[in-house]
Amino acid sequence: MSQNELYLDSAPAGQLEGDVGQGKSRSRLGLVVTGVLGGSLVALYAVAAPFVTPALRKVCLPFVPATSAQVENVLTVLRARSGTLVDIGSGDGRIVIAAAKHGFQASGFELNPWLVLYSRYKAWREGVHRATSFQISDLWKVSFAQYSNVVIFGVPQMMDQLELKLASELPSTAKVVACRFPFPTWVPEHTAGEGIDTVWVYDAKTFKSQLQNGTMRKTTPECEDSQDPHT
């Protein structure tokens, strides 16, 4: 008879049952730990995916929050304006919320659902939820014809495409405010701020005339599934 057999024969029954119970407890603990780690990874992916996947598209606008100076410059150049306003790629909603506080009926379009939810909560907390709306939408798939004021934090790769879209959709009374990067062929009415906080203001009557006269470059969007910008 081997030593193991002798040990099993001589060991009390209670000790053997205790060893089996400890083994089962360790197994359950391992399953719990595995489940927690797996759940954490899934949650992390759910949160990070909307931020990461837009970067894989051809033309995308990463989420770079607007500075307080940029927000102030936007409000300054639109201080004599009123009516509807849209922030293309509204990010965390700061431009839309600030505009609503200054009397605009403001909307934001944003692809990242987490930022949209946060923007809605922030608008409710700031008491302007009735004057704001935030939609999960791609800028190339919506019309901006109903807006009299447009704000855009763009990237150079998409500005020429956006020129054509806005020129064909906006009413002639509209104003467009570009932040960080100007439009390539439009001539601004005036500018405000300096450096990265510069904003350029464009009059729709001027750039729509430019389109009608055929002096604007006609381009088509390279990417049907491109992201709205974020501020």
Side-chain angles (χ1 to χ4, degrees), residues 46-47 49-51 53-54 60-155 158-159 162 165-166 169-181 183 192-193 196-204 225-231:
V47 173
F51 291 90
T53 51
C60 66
L61 297 168
F63 173 48
V64 181
T67 66
S68 57
Q70 287 168 340
V71 175
E72 186 61 34
N73 288 337
V74 170
L75 295 176
T76 297
V77 297
L78 294 177
R79 64 181 178 274
R81 304 278 296 174
S82 60
T84 56
L85 178 145
V86 61
D87 183 9
I88 302 177
S90 52
D92 62 0
R94 63 186 63 189
I95 290 286
V96 173
I97 291 171
K101 290 181 178 179
H102 282 73
F104 290 96
Q105 188 65 39
S107 302
F109 288 92
E110 170 61 50
L111 271 185
N112 189 312
W114 299 100
L115 289 173
V116 170
L117 290 175
Y118 175 73
S119 297
R120 290 172 180 171
Y121 163 73
K122 190 176 177 183
W124 172 81
R125 189 182 64 187
E126 297 287 334
V128 293
H129 57 287
R130 297 185 185 279
T132 61
S133 66
F134 296 93
Q135 305 296 325
I136 303 172
S137 185
D138 187 321
L139 73 89
W140 304 114
K141 298 177 181 178
V142 298
S143 171
F144 300 108
Q146 63 178 306
Y147 298 103
S148 55
N149 303 279
V150 178
V151 180
I152 171 71
F153 281 71
V155 293
M158 63 167 291
M159 298 302 277
L162 193 56
K165 178 176 175 61
L166 294 179
E169 293 178 356
L170 292 179
S172 58
T173 55
K175 298 285 186 182
V176 178
V177 181
C179 307
R180 293 202 179 100
F181 296 100
F183 284 95
I196 63 170
D197 296 325
T198 303
V199 300
W200 294 262
V201 185
Y202 302 90
D203 180 65
D225 190 30
S226 62
Q227 186 196 17
D228 292 342
H230 310 270
T231 38

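- Across Phe183 and Ile152, no two heavy atoms sit closer than the pair CZ-CG2, 3.9 Å.
- Distance check: Phe104 CZ to His102 NE2 gives 8.5 Å after rounding to the nearest 0.5 Å.
- Looking only at distances, no side-chain donor or acceptor of Ser148 sits under 3.5 Å from a matching main-chain atom of Ala174.
- Residues in residues 63-82 take part in no salt bridge (Lys or Arg N to Asp or Glu O under 4.0 Å) pair, two or more places apart or across chains.
- For Glu126, the side-chain hydrogen bond (donor to acceptor under 3.5 Å, both in side chains) partners are Lys101, not counting sequence neighbours.
- Taken from CD in Glu110 to OH in Tyr118, the straight-line distance is 13.5 Å, to the nearest 0.5 Å.
- The 12-atom threshold is exceeded at NE2 of His129, counting heavy atoms of other residues, nucleotides or ligands nearer than 6.0 Å.
- For the pair Gly193 and Asn73, the tightest heavy-atom approach, listed with the atom from each and the gap, is CA-ND2, 3.6 Å.
- With Thr84 contributing its side chain and Asn149 its backbone, the two residues share no donor-acceptor pair below 3.5 Å.
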From CA spacing to verdict: side chain to side chain contact (heavy atoms under 4.5 Å, CB included), Trp140, Met158:
CA-CA 11 Å; Trp140 304 114; Met158 63 167 291; 4.1 Å; yes
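- In this structure, Leu115 and Phe134 have side chains that are not in contact, with every pair of non-hydrogen atoms separated by 4.5 Å or more.
- Here the side chains of Trp114 and Val116 are not in contact, with every heavy-atom distance at 4.5 Å or above.
- For Asp197, the side-chain hydrogen bond (donor to acceptor under 3.5 Å, both in side chains) criterion is met by Thr67, not counting sequence neighbours.
- To the nearest 0.5 Å, the span separating OG on Ser143 from NZ on Lys165 amounts to 6.0 Å.
- Here the closest heavy-atom approach between residue Ser172 and residue Ala204 is recorded as O-CB, 3.8 Å.
- Residues meeting the side-chain hydrogen bond (donor to acceptor under 3.5 Å, both in side chains) test with Ser119, sequence neighbours left out: none.
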Under the side chain to side chain contact (heavy atoms under 4.5 Å, CB included) rule, what do Ser107 and Thr132 come out as? Steps first, then yes or no, please.
CA-CA 5 Å; Ser107 302; Thr132 61; over 6 Å; no
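- Put simply, the side chain of Ile95 does not reach to within 4.5 Å of the side chain of Ser90, judged on heavy atoms.
- Side-chain atoms of Leu78 and Leu85, non-hydrogen and from C-beta on, do get closer than 4.5 Å to each other.
- Here the closest non-hydrogen pair linking Ile196 and Arg180 is O-CG, 3.9 Å.
- For Arg125, the CZ atom sits in a packed shell: over 12 heavy atoms of surrounding residues, nucleotides or ligands are nearer than 6.0 Å.
- Shown here are the side-chain hydrogen bond (donor to acceptor under 3.5 Å, both in side chains) partners of Lys175, two or more places apart in sequence or in another chain: Glu189, Asp203.
- Under the 4.5 Å side-chain criterion, counting only non-hydrogen atoms from C-beta, Val176 is in contact with Leu170.
- Taking all atoms of both residues into account, the shortest heavy-atom contact from Gln70 to Val199 is O-CG1, 4.5 Å.
- Between atom OG of residue Ser133 and atom CZ of residue Arg120 there is a gap of 8.5 Å, rounded to the nearest 0.5 Å.
- Screening Asp87, Val86, Val177 against Val150 for a side-chain contact (heavy atoms from CB on, under 4.5 Å) leaves a single residue, Val86.
- Across Leu111 and Asp138, no two heavy atoms sit closer than the pair CD2-N, 3.7 Å.
- With sequence neighbours excluded, the residues satisfying ring pair (Phe, Tyr, Trp, His ring centres under 6.0 Å) with Phe144 are Phe109.
- Taking CD1 from Ile88 and CG from Leu162, the interatomic distance works out to 5.0 Å, rounded to the nearest 0.5 Å.
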